[in-house]
Amino acid sequence: QVHLVESGGGSVQAGGSLTLSCVVSGYTTPNYCMAWFRQGPAKAREGVAVFCTGNQKDYYIDSVKGRFTISHDNNKKTLFLLMNELELEDSAMYYCASRGGLLPYVLIFDEGSYNYWGQGTQVTISS
């Protein structure tokens, strides 16, 4: 059974930075995709950034490109999301998600593509 545990959320002022972490356990394959999703108040859940170990590629939605960086420490089995230049619109519950293997690009930000989810960590941005 795969388990994901997020940490690192908190409250910061606009323009500040936060780093989220997600520890992954239970995979028996070295190839999997890991993603950060978020859900703001009265908003649908959206994929933010994805990293796939199989091709070592990362993917971002346009609104976070240049501000967020996703990375993966294979030894520590930990996924990170470094968030810089945070904006009020970044306030949300952030979830770590994962699935084995690779994904076609058209499904990379589709929450239905992911089998495993963490419990979420809250990020609050203030003015």
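Values in this document were obtained by computation on a predicted structure and should not be read as measured data.
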Non-hydrogen atoms of Val123 and Asp90 that approach each other most closely: CG1-O, 4.3 Å

Euclidean distance, His72 NE2 relative to Cys22 SG, rounded to 0.5 Å: 9.0 Å

Ser71 and Leu82, any side-chain heavy atoms less than 4.5 Å apart: no

Tyr94 versus Arg38, side-chain donor and acceptor atoms under 3.5 Å: yes

Asn55 CG to Leu103 CG distance, which is reported to the nearest 0.5 Å: 10.0 Å

Least distance between heavy atoms, Leu86 atom then Arg67 atom: CA-NH1, 3.9 Å

Sole residue of Val50, Ile70, Leu4 in side-chain contact (heavy atoms from CB on, under 4.5 Å) with Met34: Leu4

Greater than 12 external heavy atoms within 6.0 Å of Gln56's CD: yes

Exercise: identify the closest heavy-atom pair between Leu102 and Cys52: CD2-CB, 3.8 Å

In one Ile/Leu/Val/Met/Phe/Trp/Tyr side-chain cluster, 4.5 Å: Leu107, Tyr59: yes

Check: Thr69 and Leu81 side chains under 4.5 Å, non-hydrogen atoms: no

Shortest non-hydrogen contact between Thr53 and Asn31, atoms and distance: OG1-CA, 3.2 Å

For the student: nearest non-hydrogen atoms of Gly40 and Ala92, plus distance: N-CB, 3.7 Å

Closest heavy-atom pair and its distance - Ser21, Trp36: O-CH2, 3.6 Å

With Phe37, the ring pair (Phe, Tyr, Trp, His ring centres under 6.0 Å) member among Tyr95, Phe109, Tyr114: Tyr114

